[in-house]
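Note sheet for the following structure.
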Amino acid sequence: MTPFTNVATYDYVIVGAGIIGLTISRELKLRDPDTRIAVLEKEPMPAYHASGRNSGVLHAGFYYTANSLKARFTRDGNRMLRDYCEKYGLDMNRCGKLIVAADEEELRGLEELKRRGDTNGVELHWVDEVEAMAIDPNAKTFRKALYSPTTVTVDPQQVCETLWRENERNGVHFYLDTPFVDFVDGHVHACGGELTLRCGYLINAAGLYADKIAQALGFGRSYTIIPFKGLYLKYAKNKTDIRTNIYPVPNLGNPFLGVHFTKTVDGGIKIGPTAIPALWRENYKGFSRFRLSEFLTILFYEAKLVLTNSFGFRRLAIEEMKKYFRSNFIRLSQKLARGVDPEGFGEFGRPGIRAQLLHKDTLELVQDFVIEGDHRSMHVLNAVSPAFTCSMPFARYVVDEVEEKRRVVKEEDLL
Ligand SMILES: Cc1cc2nc3c(=O)[nH]c(=O)nc-3n(C[C@H](O)[C@H](O)[C@H](O)COP(=O)(O)OP(=O)(O)OC[C@H]3O[C@@H](n4cnc5c(N)ncnc54)[C@H](O)[C@@H]3O)c2cc1C
């Protein structure tokens with residue numbers, strides 16, 4: 001008798017129950033309701049990390065160059081998730097978004113965003129100062145602003161919970177508190193080796209640990225994840241002080257959008273997120289989840305980035321670290337809106353950490369999504385913002401790639 005005679009058998013094992021793992025398993029079930037799927041999640045619940053700790057903004061799709069996966073998926077993802085929220089009666093705040101300029105130079109930045117939006121087929125309108133104030137009386141801009149009517153906010157935890165339950169109803173097995181260990185000879189081992197599953201195909205959607213899992217299976221060797229921490233401050237004084245999402249013109253040289261006002265689904269207001277270089281992957285607070293080996297590797301790469309100043313890392317790191325000081329953080333938000341009381345901010349909210357991919361040779365932050373795999377496994381690397389918005393079309397793309405890799409091998413076997 002082989003040691004694995006009685007183990008459960010799955011066509012697919014997915015590692016990670018964030019929005020990416022959840023939408024991939026949903027997509028697989030939509031294509032074949034009989035396919036057997038297990039999702040392994042190391043935490044006691046899905047969406048414990050980035051998917052449940054983000055701004056909850058369904059972006060419209062004008063930040064990204066037309067040749068990128070992000071541009072392809074943001075516009076469609078926004079529509080698909082809005083439809084999904086409507087279908088299940090989930091909370092949505094359809095307040096839109098203003099992107100405001102501080103000066104002449106930023107106006108040129110807005111023009112670039114408008115060009116990208118037009119190329120990507122995204123609805124985006126120029127508004128003058130008076131029109132901007134009609135949308136949000138407190139918005140501050142230099143001459144003109146852009147208004148995006150299709151930007152909405154959702155409750156990311158509610159969306160993930162709904163996807164989780166839908167997957168369960170469709171027969172997907174969730175193994176919570178179950179850290180993946182390895183995938184050898186068609187068998188997945190988890191929970192320190194206590195659990196073994198027979199697995200036809202592995203999909204790695206492990207967020208902050210996706211690079212580690214990929215590398216153990218021979219993929220993603222050119223990359224490492226550098227975590228960036230996103231802090232938020234809640235504005236507790238008066239919900240009507242801000243009426244829409246208000247964003248600055250971002251530095252398009254890095255993947256972060258700058259401190260902005262988010263209108264949450266319940267009409268609340270928060271500022272953030274920061275993009276502070278973190279020192280280990282789940283470096284949320286104090287020394288919790290500290291891992292020495294991660295700390296040393298991340299320190300090594302961050303030191304390299306400081307020395308080479310790749311993508312202006314030194315300035316980025318200094319500017320971001322300053323946001324640990326509330327007064328500085330608040331001051332940045334005041335560039336976007338008047339009438340906001342600096343004393344009206346509460347404590348820092350629940351932080352989120354971006355699993356940002358760094359190319360180890362070029363020392364550049366990878367801006368677009370990356371997937372790598374073969375006929376046995378597929379690895380989702382760099383599912384950074386706005387991967388929440390993009391998740392449904394991105395899941396389609398991942399599943400198309402998986403099917404293609406498996407088809408090619410089947411055809412080769414027949415030859
Ligand atoms: C501060 C912040 C703000 C953001 N704002 C927005 C926004 O407004 N709009 C937007 O579209 N996007 C936003 N994003 C991006 C978005 O949240 C992420 O791109 C998305 O959630 C990534 O999903 P994921 O499933 O890849 O990762 P995750 O949500 O991190 O899920 C990965 C899962 O894998 C699990 N896992 C890891 N290792 C293992 C293992 N060994 N075994 C089993 N399980 C494992 C983890 O526990 C985790 O649950 C934001 C992100 C951050 C951090």
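The residues of the chain are indexed from 1 along the displayed sequence. Start at 1 and go down the list; that is how both ligands and their atoms are numbered.
For an aromatic pair to be called close, the ring centres must be under 6.0 Å apart, and Tyr284 with His49 satisfies this. Within the 6.0 Å centre-distance limit, the rings of Tyr84 and Tyr88 are counted as a close aromatic pair. In this structure, Phe348 has its ring center no closer than 6.0 Å to that of Tyr232. Separation of the His59 and Phe388 ring centroids does not fall under the 6.0 Å cut-off.
Taken from CD1 in Ile37 to CD in Glu27, the straight-line distance is 10.0 Å, to the nearest 0.5 Å.
Residue-ligand proximity: Phe228 is placed with every non-hydrogen atom at 4.0 Å or more from ligand 1. Using a 4.0 Å cutoff on heavy atoms, Thr74 does not count as a contact of ligand 1.
If you check each of Asn204, Val380, Asn54 against atom 51 (C) of ligand 1, the one with the closest non-hydrogen atom is Asn54. Taking each of Ala355, Ala190, Ser385 in turn, the one with a heavy atom nearest to atom 14 (N) of ligand 1 proves to be Ser385. Of the options Tyr232, Tyr175, Phe180, the smallest heavy-atom separation from atom 3 (C) of ligand 1 is shown by Tyr232. Within the set Gly230, Gly18, Ala383, the minimum heavy-atom distance to atom 31 (O) of ligand 1 is found for Gly18.
Atom 35 (C) of ligand 1 has as its closest protein heavy atom Glu41 OE1, 3.3 Å. The protein heavy atom nearest to atom 37 (C) of ligand 1 is Ala206 O, 3.2 Å. The nearest heavy-atom contact from the protein to atom 26 (O) of ligand 1 is Ile20 CG1, 3.3 Å. Atom 10 (C) of ligand 1 has as its closest protein heavy atom Phe388 CB, 3.5 Å. The protein heavy atom nearest to atom 44 (N) of ligand 1 is Lys42 N, 3.1 Å. From the protein, the heavy atom lying nearest to atom 34 (O) of ligand 1 is Gly16 CA, 3.2 Å.
Of the N or O atoms in Arg354, none lie within a sub-3.5 Å distance of an N or O in ligand 1. At under 3.5 Å, a nitrogen or oxygen of Ser55, whether backbone or side chain, sits near a nitrogen or oxygen of ligand 1. Looking at Ser51 next to ligand 1, an N or O pair under 3.5 Å apart turns up. For ligand 1, the polar-atom distance check against Leu208 finds no nitrogen or oxygen pair separated by under 3.5 Å. Residue Val57 has at least one N or O atom closer than 3.5 Å to an N or O atom of ligand 1. Ligand 1 has no nitrogen or oxygen under 3.5 angstrom from a nitrogen or oxygen of Arg53. Ligand 1 has no nitrogen or oxygen under 3.5 angstrom from a nitrogen or oxygen of Tyr48.
With ligand atoms numbered from 1 in the order given, ligand 1 contributes 8 (O) to contacts under 4.0 Å with heavy atoms of Gly56. Each of the following atoms of ligand 1 lies closer than 4.0 Å to a heavy atom of Thr389: 9 (N), 10 (C), 11 (O). Each of the atoms 27 (O), 30 (O), 32 (C) of ligand 1 lies under 4.0 Å from some heavy atom of Gly207. Atoms of ligand 1 found under 4.0 Å from any heavy atom of Thr178 (numbered from 1 in listed order, with element): 43 (C). Applying the 4.0 Å criterion to heavy atoms of Val15 picks out, from ligand 1, the atoms 40 (C), 42 (N), 43 (C), 44 (N). Using a 4.0 Å cut-off to heavy atoms of Ala387, the atoms of ligand 1 that qualify are 19 (O). In summary, the atoms of ligand 1 found under 4.0 Å from a heavy atom of Ile19, numbered by their order in the structure, are 20 (C), 21 (O), 23 (O), 25 (O). Every atom of ligand 1 is numbered from 1 in the order shown, and the set under 4.0 Å from a heavy atom of Gly352 is 53 (C).
Between Arg94 and Glu86 there is a salt bridge, since a side-chain N of the basic residue sits under 4.0 Å from a carboxylate O of the acidic one. We find that Glu320 and Lys323 are joined by a salt bridge, their nearest charged nitrogen and carboxylate oxygen being less than 4.0 Å apart. We find that Arg26 and Glu166 are joined by a salt bridge, their nearest charged nitrogen and carboxylate oxygen being less than 4.0 Å apart. Between Glu319 and Arg314 there is no salt bridge, since none of the side-chain N atoms of the basic residue sits less than 4.0 Å from a carboxylate O of the acidic one. No salt bridge links Arg406 with Glu403; every basic N to acidic carboxylate O contact stays at or beyond 4.0 Å. Between Asp400 and Arg396, none of the side-chain N atoms (NZ, or NE/NH1/NH2) sits under 4.0 Å from a carboxylate O, so this pair counts as no salt bridge.
Neither the backbone nor the side chain of Leu22 has a heavy atom within less than 4.0 Å of ligand 1. Using a 4.0 Å cut-off between heavy atoms, Val384 contacts ligand 1 through its backbone alone, with no side-chain atom that close. Contacts between Pro156 and ligand 1, counted as non-hydrogen atom pairs separated by less than 4.0 Å, are absent for every part of the residue.
Counting non-hydrogen atoms of neighbouring residues, nucleotides and ligands closer than 6.0 angstrom, the CZ atom of Arg350 exceeds 12 such neighbours. For Lys114, the NZ atom is densely surrounded, since the number of other residues' heavy atoms within 6.0 Å is greater than 12.
In this structure, Arg326 forms no cation-pi arrangement with Phe345, as its terminal cationic atom is not both closer than 6.0 Å to the ring centre and no more than 45° off the ring axis.
Each of Lys360, Gln215, Glu372, His359 was scored for a side-chain contact (heavy atoms from CB on, under 4.5 Å) with Ser222, with one residue passing: His359.
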Passes salt bridge (Lys or Arg N to Asp or Glu O under 4.0 Å), Glu112 versus Arg116? Steps please. CA-CA 6 Å; Glu112 175 59 22; Arg116 291 184 183 191; 2.8 Å; yes

List the steps and the verdict of side chain to side chain contact (heavy atoms under 4.5 Å, CB included) for Leu40 and Val188. CA-CA 10 Å; Leu40 305 189; Val188 162; 3.7 Å; yes

